[in-house]
Each structure stands twice: as C-alpha cells, then as structure tokens.
Amino acid sequence: QVQLVESGGGLVQAGGSLRLSCAASGRTFSSYVMGWFRQAPGKEREVVAVISLRGSRTYYADSVKGRFTISRDNAKNTVFLPMNSLKPEDTAVYSCAAKLGVEVTANPDEYGYWGQGTQVTVSP
C-alpha cells in the first residue's frame with residue numbers, strides 16, 4: 001500500500017504560480033503511476049496530469065497544457081506539480097493519486113490510492 005500527502009496549495013492571484021507536492025510512504029513508489037486530479041465545487045473530479053513509473057511519459061488535460069508540469073523523484077518518493085499562469089477556473093481541491101501497473105490513464109476510477117487533497121484558490 002501507499003499513503004499520499006499533498007502540500008503546496010493556497011490562495012494566489014490570477015497569473016500567479018503555485019507548486020504542489022505529493023509525498024508517498026512506502027518503498028515501492030516507483031511501482032505506481034501517479035496522477036493529479038482536481039474537483040471544483042459542484043463539478044466532477046477531473047484529471048490534471050499523469051506521469052508514468054519513471055517519468056518518461058506524461059499526460060495533461062488540455063486546460064492545463066503549457067501551464068502545469070508534472071514530474072516525480074522516485075528517490076524521494078515525491079511527485080510535483082508546478083502550476084504557472086493560474087486562472088480563476090483552476091480553483092479546486094487538488095488530489096494526488098496512485099495506481100499500480102504501467103498504464104498512464106486519466107480515469108480516476110483506476111486509481112486505488114488517494115491523498116486528502118489540498119485547496120488551490122485563484123482570485124481574479
């Protein structure tokens with residue numbers, strides 16, 4: 001199993017930046033595909049970005065391409081999400097998630113482990 005703890009959320013003005021981190025417990029972090037998802041009030045959870053086991057493959061939602069970058073450090077059991085040029089529509093609770101296997105997927109139902117989430121609020 002793996003336990004996930006997010007950090008780095010907060011309040012920022014539009015155009016600003018934040019860097020989310022997700023620290024994982026356990027010694028098999030490199031066995032998990034990692035994803036960032038978000039959920040805004042009244043909306044369904046949606047994928048933000050996903051990264052493969054060694055970081056060679058990534059997936060981004062169209063809405064964040066060119067602004068967000070997912071990366072991972074397997075030696076430190078951590079996945080990162082620097083977010084630039086933030087927009088008010090990026091406001092949501094951001095959660096990291098982990099899934100066993102090699103498939104890079106945007107489907108949240110395939111992720112078996114979730115962090116508690118961190119709030120990101122972007123003011124106009």
Side-chain angles (χ1 to χ4, degrees):
Q1 290 193 351
V2 62
Q3 294 183 325
L4 306 172
V5 178
E6 302 95 337
S7 61
L11 172 65
V12 65
Q13 288 187 330
S17 300
L18 286 173
R19 185 186 191 227
L20 303 185
S21 298
C22 174
S25 66
R27 294 177 289 180
T28 59
F29 178 70
S30 59
S31 298
Y32 294 87
V33 168
M34 299 299 297
W36 283 99
F37 295 81
R38 67 186 182 187
Q39 188 167 20
K43 295 187 177 181
E44 293 187 354
R45 179 181 284 168
E46 62 177 2
V47 66
V48 176
V50 180
I51 190 166
S52 61
L53 300 182
R54 293 183 177 83
S56 59
R57 288 176 290 140
T58 57
Y59 170 90
Y60 293 95
D62 288 341
S63 58
V64 306
K65 284 181 180 178
R67 301 188 297 122
F68 296 7
T69 305
I70 190 171
S71 64
R72 66 190 295 165
D73 185 336
N74 286 347
K76 296 182 178 180
N77 285 11
T78 305
V79 61
F80 305 99
L81 189 71
M83 305 184 294
N84 299 314
S85 302
L86 283 162
K87 304 174 182 179
E89 50 264 45
D90 293 319
T91 295
V93 174
Y94 284 70
S95 301
C96 69
K99 66 176 289 289
L100 286 169
V102 300
E103 183 184 7
V104 173
T105 174
N107 183 356
D109 293 337
E110 299 193 29
Y111 290 76
Y113 304 95
W114 291 83
Q116 82 288 352
T118 186
Q119 177 70 46
V120 171
T121 303
V122 184
S123 63

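- In this structure, OG on Ser21 lies 14.0 Å from CZ on Arg72, to the nearest 0.5 angstrom.
- For residues 73-95, the pairs satisfying salt bridge (Lys or Arg N to Asp or Glu O under 4.0 Å) are Arg38-Asp90, Arg67-Asp90, with sequence neighbours left out.
- Between Val2 and Thr28 there is no side-chain heavy-atom pair separated by less than 4.5 Å.
- Leu100 CG to Gln1 CD: the interatomic distance, rounded to the nearest 0.5 Å, is 10.0 Å.
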message: Test side chain to side chain contact (heavy atoms under 4.5 Å, CB included) on Leu53 and Val102; report intermediate values, then the result.
response: CA-CA 7 Å; Leu53 300 182; Val102 300; 3.7 Å; yes

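- A donor-acceptor contact shorter than 3.5 Å is absent between the side chain of Arg45 and the backbone of Ser95.
- By the 4.5 Å heavy-atom criterion applied to side chains, Tyr94 and Gln119 are not counted as neighbours.
- Aromatic rings of Tyr113 and Tyr32 (six-membered ring for Trp) have centroids within the 6.0 Å cut-off, being under it.
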Could you pull out every donor-acceptor pair under 3.5 Å between side chains of residues 103-111 and any protein atom, sequence neighbours left out?
| residue | atom | partner | partner atom | Å |
| --- | --- | --- | --- | --- |
| Thr105 | OG1 | Asn107 | N | 3.1 |
| Asn107 | OD1 | Asp109 | N | 3.0 |
| Tyr111 | OH | Thr105 | O | 2.6 |

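- Looking only at distances, no side-chain donor or acceptor of Thr121 sits under 3.5 Å from a matching main-chain atom of Leu11.
- Looking only at side-chain heavy atoms (C-beta outward), Leu18 and Leu81 stay at 4.5 Å or farther from each other.
- Aromatic ring centres of Trp114 and Phe37: separated by under 6.0 Å.
- The closest donor-acceptor contact from the side chain of Glu6 to the backbone of Gly117 lies under 3.5 Å.
- Under the side chain to side chain contact (heavy atoms under 4.5 Å, CB included) criterion, Ser71 pairs with Phe80, sequence neighbours left out.
- The shortest distance between side-chain heavy atoms of Gln3 and Val5 does not fall below 4.5 Å.
- Ser17 places no side-chain N or O within donor-acceptor distance of the main-chain N or O of Asn84, the cut-off being under 3.5 Å.
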